Participant: 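Can you keep this structure in mind? I'll have questions shortly.
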Amino acid sequence: MNKNIGVYVCECGPNIPERIDIDKVVKELSSLNEVKTVKKHSLLCSNDGKKFLKEEIEKEELSHVVVAACSPKDHENTFMKVCEEAGMNPYLFQLVNIREQCAWMIPDKEEATSKALKYIKAGIHRVMYHDPLEKKELEIKVDVLVIGGGISGIEASLSLAGPNRKVHLVEKTDSLGGMAGKLSQILPHQGSKIKLVKEKIEQAKNNENINIYTSSEVKEVRGFLGNFEAVIQSNQENEEGKVEEIKAGAVVVATGFDLYDLKENPAYGYGENENIVSALEFEDMINSEKIELKNGKKPKSVALVHCAGRKEKGYCSKVCCLYNLKFAHYLKDNLPDVEVKELYMDLCLPHKQDQSYFDQAKEKGVEFIRMDEIVKTKKSGDKIEVEYKNNDKTDKLSVDMVVIAPAMIPSKDTSELAELMNLPLDKSGFFKELHEMLDPVATPMEGVYITGCALGPRNIPESMTQSHATSGKILSSLIPGRKVKPEVKVSEIKEDLCTGCQTCLSVCFYGAISYDPFKGVSVVNEAICRGCGSCVGSCPSGAIRSKHFTYYQLYQEVMEALR
Amino acid sequence: MEKKFKPNIVGFLCNWCSYAGADLAGSSKTDVDSSLSVIRVMCSSRVNSNLVLSSLLWGSDGVLVAGCHPGDCHYEQGNYYARRRFALLKKITEVLNLEPDRIQLSWISASEGKRYAEVVNKFADDISKLGPNPITSNPKV
Amino acid sequence: MAKAVKIKKNVEEGLFDFLKSLLETEKIKGVFTLKKMDDNGAVSYSLITSPDEFKKAVPLYPFMPVNAGKALSSFTLLGKTEEPIAAVLRPCELRAFVELIKRAQGDVENILIISLSCGGVLSLNLMGDKDQESTVSKYWESVKKAEISPDTRETCQFCENFLPINADITVAAVGNKDLDKEFTLFFNTPKGEEFSKEASGSSVSEEIETKEINDFKKKREELKEKFFKETQSEDTGLKSLVNIFAPCLGCHGCSHVCPICYCTLCEFDSKTHNYPTSSLGSDLMVKGGLKVPSGNLLFHLGRMTHMAVSCVSCGMCSDVCPVNIPVATIFSKVGSSLQKEFDYFPGKDIEEPAPQGTYKEDEFTKIGEQ
Amino acid sequence: MKNQNVLVIGSGVAGMEASLVLADAGLKVHLVEKDSLIGGQTIKFEEVYPNMECATCMLAPKQQEVLQHDNITLYLLSEVKKTEGSLGEFKVQIEKKARYVSLINCIGCGACYDPCPVSLDNEFEEGMSQKKAIYVACPGALPNAPAIDPENCVRLNGKKKDCNACEEACGFDAIDFTEKDETVNLDVGAIIVATGFDQFDVSSLPEFGYGKHPNVYTAMEFERLYAQNGPTSGKLTLREDKPIKSAGIIHCMGREEKGYCSGVCCMYSMKFAHFIKDKAPEAKIHEFHTDLCIPGKSHQKFYDGLKNKIEFTRYEDIEVKGKNGNLEISYTNNGKKNSIKPDMVILSPAMVPSAGTENLAKILGISQDSMGFFSTQDQNLSPIDSEKEGIFVIGCAEGPKDIPESVSQAEAAAGRVLSFLQ
Amino acid sequence: MNNNQKETKTNPKKGKILPAEKGIREEVLNIFKKALADNIFDALLIPAKVPNTDAYSWILLQDESLFDIADPLPPVMTVQGGRALSSFSKNGELDLKIAALMKPCEIRAAVELFKLHQIDLNLVTLISIDCPGAMPLTDYMNDPKKIGESFKKISEKWEISESLRPACQNCHRFSLMDGTASDLHIGLVGENNKVTLIPNSSIGNDLLEKLGFEPNDSLKEWESKKEKLVKEKTKKRDAFLKEWQEKTKKTDGFFNELNKCINCHNCMNACPICYCQQCYFDSQTINFKPETYIQKTKEKGALRFPLNTMLFHIGRMSHMVLSCVSCGACEDACPVSIPVGRLFSMVGDQTQKEFNYVPGLNREDPLPLQDFKEDEFCEVETPNECEEKVTEEAK
């Protein structure tokens with residue numbers, strides 16, 4: 001096909017002519033027989049500049065356009081729009097950066113000018129190899145699959161479910177509520193009313209747009225944003241193994257956490273004596289309003305041990321300090337003359353109200369003892385002796401009852417689920433955010449979101465917030481009737497060159513590439529690919545090319561550089 | 001007297017960090033050696049051995065690959081793979097005595113306009129010290 | 001009759017000087033010819049522009065590291081060269097180049113083709129050999145005497161098409177006793193004649209086809225018969241082929257160096273020919289044992305069907321075969337019979353279409369009858 | 001709620017995220033920012049913990065998105081003056097101050113700075129560098145166009161009515177002295193408050209000698225000090241341009257006074273230590289902390305990585321003295337008195353409500369909590385809902401928090417708005 | 001860097017020692033005859049002499065009679081075993097149990113190809129055998145009788161003869177390594193006329209079991225002999241590595257080695273690791289207009305044809321050298337006898353050290369380029385900021 005290439009050099013007001021002899025550039029370019037027309041303009045990104053460009057394209061019937069101006073970061077989109085309006089394929093356009101990376105960094109005018117020429121020629125030869133890429137549009141489903149029926153999962157479901165959006169809520173146990181459901185009460189200043197969780201469960205059950213699958217597991221998840229397919233298997237005794245296939249536009253993972261196994265470290269003496277209990281067991285005592293020793297007596301003194309498993313796991317679980325305070329308050333309020341000792345490493349009270357809550361506890365006479373670690377916890381007489389270390393000297397205290405606060409750890413089927421949906425885990429074994437800072441609920445799999453403690457220790461309000469965050473992300477990307485536009489500059493695989501070594505699979509962070517055993521080749525899912533080109537770099541057969549950054553296009557630039 | 005040798009250097013800059021860094025160098029009017037020709041790629045991991053090698057063998061005096069600092073990759077892991085591939089190339093050129101100093105990998109973030117200038121100027125300087133790429137004038141290649 | 005100039009110089013020297021003067025007077029911008037890579041005797045084709053590099057040029061050195069036709073096609077694949085160059089090719093290389101041009105793989109415009117009456121080339125495994133020089137001088141002796149040098153490639157030994165077709169200039173080498181004193185350049189085409197002035201010698205009226213040449217041709221034809229017979233071992237047909245190709249590693253080096261095999265991806269390397277593992281079972285049932293890797297013979301026969309009709313018998317394939325299979329002899333044998341069938345002579349005429357690309361109503365009428 | 005417009009107050013990382021999520025959903029977002037640039041506090045950070053990721057690189061794409069998004073209307077140098085109504089039908093009045101520089105014409109070439117006769121302290125750089133009366137906060141600020149400070153511009157404050165230095169220097173007639181402040185009235189369905197935080201004023205604690213001794217820095221000063229695009233363009237030095245050999249970093253400035261832990265100081269203090277170590281490996285660094293508050297799965301690892309490189313001391317009591325330029329930190333650690341003499345002291349102050357909070361609270365008709373932050377329905381487990389339906393409070397306007405939490409809240413607010421709309 | 005390499009010596013294995021009156025070859029074949037007869041597996045991949053020729057090839061045999069042509073220790077390495085195996089074992093399921101008897105370098109290649117999904121090792125039981133080396137292919141083809149004879153002698157004496165292929169002379173990995181490559185190893189270096197079977201995986205174990213062998217003989221004899229030989233050969237290899245590092249240190253050293261190259265790509269096509277059906281450097285090298293070539297020619301004075309010869313070699317190197325098993329197949333296949341095998345082996349040695357990777361040692365080790373560590377290779381980046389770390393390590 002014969003290419004009509006137009007080249008337009010933008011002066012950007014005084015900025016570029018200052019350092020680059022535009023007329024020389026235009027003159028020399030006009031001598032190239034590849035190009036149909038070369039013109040300059042004082043400021044192409046201005047409105048009349050854009051108008052001028054549009055008219056030029058139409059008048060000269062250009063098929064390809066090169067603009068030499070500022071950085072593509074500034075105006076690539078601007079000019080691509082103009083090309084599109086002028087009825088040209090916007091990808092047959094190349095913006096050459098002769099301002100930032102030429103006029104503004106090369107002091108010598110002659111040098112800058114010849115450099116600009118180099119760049120523009122490179123642009124011209126590159127654009128000749130551009131392909132007219134087409135934007136695709138995909139129909140989407142708007143329903144959502146939520147995995148995990150804890151408070152996070154429920155909250156997500158509630159805020160997602162709507163008149164034209166169904167939510168499938170899958171819980172592997174036989175009841176909703178998760179860990180939060182087991183708590184006697186949530187921290188007073190964070191909502192003392194335990195009803196709250198129950199209410200939410202009720203709301204979920206009564207919401208006709210939420211299908212609840214209890215005693216069920218997700219066995220398979222395929223697809224991408226807007227088009228997921230999942231297999232849910234029921235484990236209810238009457239319908240053992242019954243599977244259901246559902247379609248969804250997005251997936252929310254809210255599989256929560258488990259608790260550190262106190263038996264792992266004998267120092268806590270857990271299991272050796274009935275009066276050494278875990279925080280969760282103590283919650284039950286509160287629920288049943290029976291704070292008693294095994295001998296039925298009320299405890300006269302209780303030690304609350306923080307940070308069990310912090311050293312072992314290598315992170316602070318953030319909430320233990322607070323619920324220990326909660327216990328202290330409860331004890332003081334219900335057994336007025338009980339003696340409460342809190343053994344802590346660092347008090348972690350990161351929320352604005354926490355401190356006051358701590359101060360109140362102090363006022364009630366709770367004793368706070370700093371320690372570096374628990375050395376031993378053993379029975380002595382009818383008391384329990386807790387031996388602890390505080391900067392290098394050990395100390396003892398003996399009490400009737402010991403309550404130990406274990407660290408939060410990834411729930412046991414986390415890794416399995418990660419495998420299933422090919423989601424990355426972090427060093428601690430929790431799910432990994434797409435971006436720890438800016439995308440705290442997203443994952444590399446676009447359309448799959450994570451909320452609550454599946455991402456790591458956090459308190460209930462935070463979990464709820466994240467659930468709302470996931471629904472925010474989903475509601476803004478899955479709008480009924482709207483189509484998704486996948487990235488266009490993606491990788492594509494030339495099947496007759498691919499030898500099926502699947503190296504590309506292992507380097508693709510987004511799981512966008514899969515292997516087709518029948519054809520014996522790797523296949524790119526364009527809806528998932530983000531176009532980084534890592535696969536291209538990894539393919540020894542040269543079977544993969546990244547659209548708009550193909551070998552030939554880049555190589556034209558190289559050759560120009562070497563001229 | 002004949003004028004100082006001016007090398008031809010190809011620079012593959014990742015779109016998100018290094019290219020932006022280069023832009024910043026420009027917009028803060030920093031002088032940068034003009035012997036480097038910038039080629040924009042989406043990620044440093046796009047640069048495969050062939051791009052670097054053929055640039056060298058077809059006569060470029062130096063090749064710079066620049067990307068986000070480890071851990072900052074816009075695509076999370078790209079630059080780690082890029083680094084491995086580069087390590088391999090570096091070693092090969094070392095072992096074969098093909099002037100390994102002519103290829104360089106640098107991490108330049110979007111805010112490091114100054115660093116960009118330093119890196120490029122230094123590299124350009126080193127290369128001009130090295131002189132023209134012997135391969136360019138080597139009829140055996 | 002073609003213009004002929006006798007030059008009173010050793011043929012190698014003479015041609016060298018002639019080319020040199022072309023280069024220096026910038027009548028041409030570059031010379032494509034053999035060049036010494038080092039003192040160990042390694043030579044390779046090069047396009048030479050600098051007189052300095054040209055010092056290392058050895059246009060008539062009796063080696064063929066690659067079929068120059070293939071090399072020239074890679075040079076002109078994207079179109080004719082704007083700057084004129086001269087290229088020294090052996091007759092078979094020239095024929096290959098012509099075949100490739102027919103298939104849109106090259107362009108001869110602006111290329112001054114210089115060829116020679118060819119005594120053949122030494123087989124490549126002699127390259128870098130310690131007594132290479134003596135072998136070479138032995139070779140030249142046999143050329144003078146128009147004898148068949150035993151060190152040359154098998155295909156060369158029985159090559160009867162050693163006179164170039166379509167050459168602008170021909171160096172008369174074979175059968176010239178005084179080759180190290182004098183030799184004749186024939187300017188066959190107007191394009192060639194433009195350069196005759198550069199040849200410092202006296203113009204003479206000679207024909208290239210001398211008696212020696214014709215005797216030489218006969219000798220080779222006889223030898224050809226002999227070789228072709230040999231490939232027919234006692235039990236003929238497929239069985240013998242199986243044995244001949246038994247050592248084949250499947251390295252496909254033969255197709256890689258073959259000037260006619262211009263495909264970027266050979267069908268027999270492609271997915272078309274990798275079969276599901278499950279098919280093994282049934283095959284084993286039948287045979288009780290399988291040669292692995294399988295499909296080598298298929299490759300050779302298949303390749304044959306693709307290119308044999310255009311085979312120029314340059315012998316590259318035999319030379320690169322790591323297990324000494326006489327590939328070239330077999331292909332050349334099949335080739336020549338095919339070419340008779342189709343009444344086609346590869347590399348004769350650029351205009352003549354390749355047999356696969358054309359037909360005549362009144363041919364092969366026997367086939368498909370009754 | 002039928003009105004598909006949303007007002008977002010504050011263009012920090014939280015405000016931007018909320019705006020983007022909503023705008024992507026097709027809602028019209030009105031983003032109000034009192035400054036001349038967007039990005040809030042985060043863009044001041046060279047690196048953010050725990051991955052030491054470059055904040056500028058991290059945010060630039062987001063900022064670009066905000067600037068280019070068709071559904072986001074940006075009001076810079078603007079403040080909300082009045083609101084009335086309720087969920088779905090708020091009426092808002094915004095006062096938009098004149099920039100005197102046309103964002104359409106200006107291409108950010110910067111030709112106008114040098115000619116300007118007026119030089120001032122650049123508060124964006126914590127006064128550590130100068131700016132002109134026509135200025136951008138720092139290189140790479142977005143939108144990449146200057147603004148004129150009317151108080152100090154001699155043309156505008158009338159000191160030199162005929163000065164038009166910048167106007168002359170500009171090749172794009174982007175300068176417009178005639179531009180007037182304007183009032184904009186909007187109808188919006190919901191309001192998202194993301195006005196961020198300020199730094200506790202450490203000069204109110206004389207015993208730490210801030211302001212008295214030049215080499216006592218606040219956290220924010222230090223952030224800029226080592227920023228590549230900061231006053232020293234990344235060169236890490238003392239005020240008198242000497243290299244840093246030792247530094248003391250003191251946590252919990254104002255924790256007592258304010259009565260809460262800000263939850264982030266420990267981490268960013270360690271970030272400083274990490275950074276100094278990076279630039280000056282030989283430097284001795286001393287962290288003085290009370291309780292280390294390093295929640296979250298990856299933070300302790302960061303701490304563990306530093307433990308052997310720098311000194312950590314738990315103090316009960318601490319102060320900074322200074323004799324003729326030499327600093328001394330004297331402290332007690334379980335009972336024992338002790339002291340060190342660092343070249344530099346960095347004070348890590350608590351996060352406090354941003355200046356305008358009280359005023360804005362009145363305007364919005366929502367209350368503040370005991371600490372002065374906007375109060376929310378925390379007890380109902382929805383920490384971003386103000387007591388007024390349809391008004392959400394996110395990021396540090398709601399209380400001290402780190403970037404991920406702020407972003408989560410931003411997305412959450414968007415989520416709440418969008419699920420209202422369903 | 002990749003430190004999956006298992007340096008730790010696995011605790012002393014036991015094995016089964018069998019007498020071999022009728023000679024080692026016979027005995028080895030007997031074992032497999034039995035295995036086939038008892039349907040322990042259905043087919044065996046083994047080198048064989050092609051009937052009424054001197055050529056060797058691989059045969060996947062099922063029929064007992066074919067054992068007559070099978071030869072566990074052929075005088076030459078025709079097709080590299082890894083390549084042979086991948087030619088049929090990568091495209092999906094197979095309802096046959098297949099065993100492959102191969103030289104250690106071929107086993108290593110097979111493992112690399114397995115990682116590259118070019119071989120499905122679930123279909124195949126890998127059996128390695130102590131390898132006395134092989135003769136240069138061309139030598140053998142020129143005079144099968146003579147070379148065949150001398151090989152017999154060499155292999156019996158386990159002599160490191162000059163007439164062996166250079167790759168084999170310099171091979172220190174001719175026997176079982178402490179890895180998870182093969183399932184069963186056949187030791188020959190031990191006592192004369194004894195065959196030692198060493199199970200190296202659960203599969204290997206129950207293979208022995210099914211054969212009715214109790215693996216409880218001590219391996220002292222075999223191991224000591226092996227160690228001794230390994231030492232000698234390692235010495236030889238080090239010398240060779242040194243020599244070749246010197247060679248390439250010279251200016252153009254590398255290019256000069258390849259002066260003779262005619263770009264036939266035999267090396268690549270013989271290489272077991274080069275699994276691409278088309279080489280990147282055939283498909284992706286750009287064709288230019290003649291002007292460009294002429295311009296380049298003017299820069300150089302002369303432009304070598306065929307084009308991109310060097311790009312091909314260095315490029316191929318950058319693709320496969322981390323997996324190079326030093327089998328020497330490339331060198332065998334080179335028609336102009338370039339020492340390409342030694343060249344690649346040397347570069348392989350250097351680069352593999354860099355990545356702390358031994359190709360084909362363990363099936364589990366990820367391929368270096370499909371893997372990364374967050375803190376590695378800091379030194380390759382300029383300006384590099386790892387001095388600090390380095391000094392710390394030094395302390």
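To find a chain, count down the sequence lines: A is the first, B the second, and so on, and within it residues start at 1. Note that the coordinates shown come from a computational prediction; the quantities given were computed from them, not determined experimentally.
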Participant: Under 4.5 Å, counting heavy-atom pairs only, tell me which of E:Glu257, E:Glu381, E:Met310 racks up the most with chain B.
Facilitator: E:Glu381
Participant: Charged N to carboxylate O below 4.0 Å: is that the case for E:Glu354 and B:Lys90?
Facilitator: no
Participant: Taking every non-hydrogen pair under 4.5 Å, which of B:Glu99, B:Glu94, B:Gln104 racks up the most with chain E?
Facilitator: B:Gln104
Participant: Considering all heavy atoms of both residues, which atom of E:Ser318 and which atom of B:Ile92 are nearest to each other, and what is their separation?
Facilitator: CA-CD1, 3.6 Å
Participant: Side chain, backbone, both or neither: which part of B:Val119 has a non-hydrogen atom closer than 4.5 Å to chain E?
Facilitator: side chain
Participant: Once the angle between the rings of B:Trp58 and E:Tyr293 is folded into 0 to 90°, is it parallel (under 30°), tilted (30 to 60°) or perpendicular (over 60°)?
Facilitator: tilted
Participant: Side chain, backbone, both or neither: which part of E:Leu322 has an atom under 4.5 Å from a heavy atom of chain B?
Facilitator: side chain
Participant: Is a side-chain N or O of E:Arg304 found less than 3.5 angstrom from the main chain of B:Pro139, in a donor-acceptor match?
Facilitator: no
Participant: In terms of heavy-atom pairs under 4.5 Å, which option from E:Gln370, E:Met346, E:Gln245, E:His319 contacts chain B the most?
Facilitator: E:Gln370
Participant: Relative to chain B, which segment of E:Lys250 carries a heavy atom at a distance below 4.5 Å: side chain, backbone, both, or neither?
Facilitator: backbone
Participant: With a 4.5 angstrom heavy-atom cut-off, which part of E:Thr297 approaches chain B: side chain, backbone, both or neither?
Facilitator: neither
Participant: Taking every non-hydrogen pair under 4.5 Å, which of B:Trp107, B:Phe86, B:Phe123 racks up the most with chain E?
Facilitator: B:Trp107
Participant: With a 3.5 Å cut-off and no angle check, do the side chains of E:Asp371 and B:Tyr81 form a donor-acceptor pair?
Facilitator: no
Participant: For chain B, find which of E:Gly253, E:Gly315, E:Gly301, E:Ala302 contributes the most heavy-atom pairs closer than 4.5 angstrom.
Facilitator: E:Ala302
